[in-house]
Protein chains: 2
Amino acid sequence: MNPHHTHQSLSLAIRNRITAGEWPPGTVMPSETDLAQEYQCARATMNRALQVLADSGLIERKRRAGTRVMPLPSSLAKIEIPIIRHEIEKRGAAFGHSILMRETAPAPEKVARQLHLRKGTRALHLKTLYQSDQEPFAYEDRWVNIQAVPAISTAPLDEVSPNEWLVRDVPYSSGYVSFSASAAGSEEAAALGTRPGAALFTVSRTTWLANRFITTVTLSYRPGYQLQTKL
Amino acid sequence: MNPHHTHQSLSLAIRNRITAGEWPPGTVMPSETDLAQEYQCARATMNRALQVLADSGLIERKRRAGTRVMPLPSSLAKIEIPIIRHEIEKRGAAFGHSILMRETAPAPEKVARQLHLRKGTRALHLKTLYQSDQEPFAYEDRWVNIQAVPAISTAPLDEVSPNEWLVRDVPYSSGYVSFSASAAGSEEAAALGTRPGAALFTVSRTTWLANRFITTVTLSYRPGYQLQTKL
DNA sequence: GATGTTTAATTGTCTATACATAATAATTTC
DNA sequence: GAAATTATTATGTATAGACAATTAAACATC
């Protein structure tokens with residue numbers, strides 16, 4: 001093979017030297033140019049290798065100031081927020097959903113703020129229960145900005161869940177997500193077949209597409225649900 | 001300014017064309033070479049721009065097969081699991097921690113399984129309370145594999161929290177994380193100043209470093225805590 | 001028709017060079 | 001001495017060219 005270094009191998013090599021303690025956290029490492037010299041590679045290649053490490057949060061790079069090993073590496077986890085149907089079907093269970101409520105109503109203040117609507121503007125309010133083998137799996141409370149997605153008014157939400165309809169129709173939007181624990185209200189408790197006050201894992205999302213706020217949703221999972229990932 | 005395109009602007013431009021539906025999910029986009037031609041930039045630049053989109057999961061690239069728009073973009077959220085001290089100090093509060101318990105004991109079965117220890121092997125068991133401005137913030141229940149990290153036996157955990165000590169001493173390990181909601185037990189409730197049964201946001205982690213299982217930890221945050229991120 | 005081989009298209013990535021940009025350090029000015 | 005200016009240095013990134021690696025498709029062989 002040729003004597004070239006790949007940016008991957010360089011990345012790994014540098015990473016190892018960092019973890020071995022050669023440059024303790026907080027210290028400045030040698031410059032790109034020096035490292036490239038040392039490994040006999042082009043500066044661009046070393047640049048790429050170091051950028052990978054910078055992306056992963058291991059080092060911080062600043063023009064003129066040099067490359068610095070980060071003091072405490074915060075763990076970065078990639079979480080894939082699964083489509084509920086996929087999650088259920090992956091476990092071999094039958095997916096089902098039922099629309100518990102579907103109405104157009106003035107958005108309450110909190111929702112209006114999240115969707116950047118004027119207070120009192122009407123929006124579509126949906127409550128949906130997702131089932132795994134007939135058992136309740138998650139309870140969804142969703143508001144949709146009708147102005148941004150007029151087509152949803154006529155969507156066949158009995159066949160395709162609101163979640164999937166929106167993902168299919170308005171893809172690649174960006175948004176905020178927050179994870180928390182909340183006590184089940186009487187409505188969620190009844191839907192999920194648990195007692196009010198039970199600890200529910202809750203995911204709230206607000207998504208938009210280029211200035212247009214689409215939807216805000218709160219998903220409460222049945223008790224015991226865990227969201228897992230590797231890091 | 002100069003007429004150059006940056007890979008960032010190109011990335012954005014392509015992303016916009018995708019979200020606008022020019023290339024629907026599943027279809028192959030024009031080749032790097034063609035796009036570079038179209039935008040009058042070097043192929044390397046377009047390559048970098050497309051790599052960014054590939055990293056974010058929007059497109060998939062294969063040699064010879066070309067670049068394909070991914071069918072259903074499962075929402076991928078990057079979550080930074082914050083170091084508790086940083087999280088508290090970022091909000092301008094004073095960080096504190098106190099070790100509620102520190103003992104060496106035989107690992108219960110569940111812990112032994114997670115740390116790949118033989119049942120009954122002794123391990124370090126720590127219970128720690130993290131405080132924000134004297135108020136309880138999070139409760140940590142941690143087991144540490146002494147064989148993997150013997151130095152922890154003599155670590156000054158009153159000064160540096162177990163969390164930080166481990167991160168500093170055994171950095172860059174990999175691990176599993178799971179998020180869930182759980183009802184406060186009497187111990188957590190007392191420590192966090194809430195009532196038993198309250199809904200707590202809980203993060204469990206097991207980390208290892210090259211075959212050696214280091215530690216498994218369950219963190220319960222005070223009621224109302226939210227883990228937020230953008231996607 | 002099934003299987004193996006060659007071809008060609010496409011992305012992956014390194015090199016060398018050039019210039020842009022940012023931030024520190026040194027210098028000048030007042 | 002403080003403030004403003006200039007110089008220096010490290011990283012950011014674009015470019016053109018070259019070759020490697022992968023694999024779909026076309027072709028050849030049995």
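Throughout, protein chains are lettered first and strands after them, A, B, ... in sequence-line order, and every chain is numbered starting at 1.
For B:Q8, counting side-chain heavy atoms from C-beta on, the closest listed nucleotide (C:dG12, C:dT15, D:dT13) is D:dT13. Distances were taken from every side-chain heavy atom of B:C41 (C-beta onward) to each of D:dT15, C:dG12, D:dT11; the shortest belongs to D:dT15. Here D:dA14 is the nucleotide among D:dA14, C:dT11, D:dA16 with the atom lying nearest to any side-chain atom of B:H7.
Listed for the B:S132 side chain is no donor-acceptor partner under 3.5 Å among the backbone atoms of B:E135.
Using a cutoff of 4.0 Å between basic side-chain nitrogens and carboxylate oxygens, A:R85 and A:E164 are scored as salt-bridged.
Residues from residues 59-66 of chain B placing a heavy atom under 4.0 Å of any atom in DNA chain D, listed by number, are B:R63, B:R64.
A:E32 has its CD atom 13 Å from the P atom of C:dT15, to the nearest Å. Regarding B:Q51, its CD atom lies at a distance of 13 Å from the P atom of D:dA14, rounded to whole Å. In this structure, the CD atom of B:Q40 is 13 Å from the C1' atom of D:dT15, given to the nearest Å. Rounded to whole Å, atom P of D:dG12 lies 13 Å from atom CE of A:M46. When the P atom of D:dA10 is taken as reference, atom CD of A:Q37 falls 13 Å away, rounded to whole Å. Separating the NE2 atom of A:H5 from the P atom of D:dA20 is a distance of 17 Å, rounded to the nearest angstrom. Between A:R48 atom CZ and D:dT13 atom P the separation is 12 Å, expressed in whole Å. Residue B:M29 contributes atom CE, which lies 13 Å from atom P of C:dT10 at whole-angstrom precision.
Remark: the B:T216 side chain and the B:R205 side chain contain no N/O donor-acceptor pair separated by less than 3.5 Å. Side-chain contact annotation: A:E87 with A:Y225, donor-acceptor N/O pair under 3.5 Å present.
Between A:N47 and D:dT13, a side-chain N or O to OP1/OP2 separation shorter than 4.0 Å is absent. For B:T67 and C:dT11, the shortest distance from a side-chain N or O to OP1 or OP2 is below 4.0 Å. OP1 or OP2 of D:dT15 sits under 4.0 Å from a side-chain N or O of B:T45.
Sorted by first and then second residue, the salt bridge (Lys or Arg N to Asp or Glu O under 4.0 Å) pairs with a member in residues 56-65 of chain B read B:E32-B:R61; sequence neighbours excluded.
Between the base of D:dT13 and the side chain of A:R43 there is a donor-acceptor pair shorter than 3.5 Å.
Ring pair B:W143/B:F213: centre-to-centre distance not below 6.0 Å.
A 6.0 Å sphere centred on CD of B:Q134 holds no more than 12 heavy atoms belonging to other residues, nucleotides or ligands.
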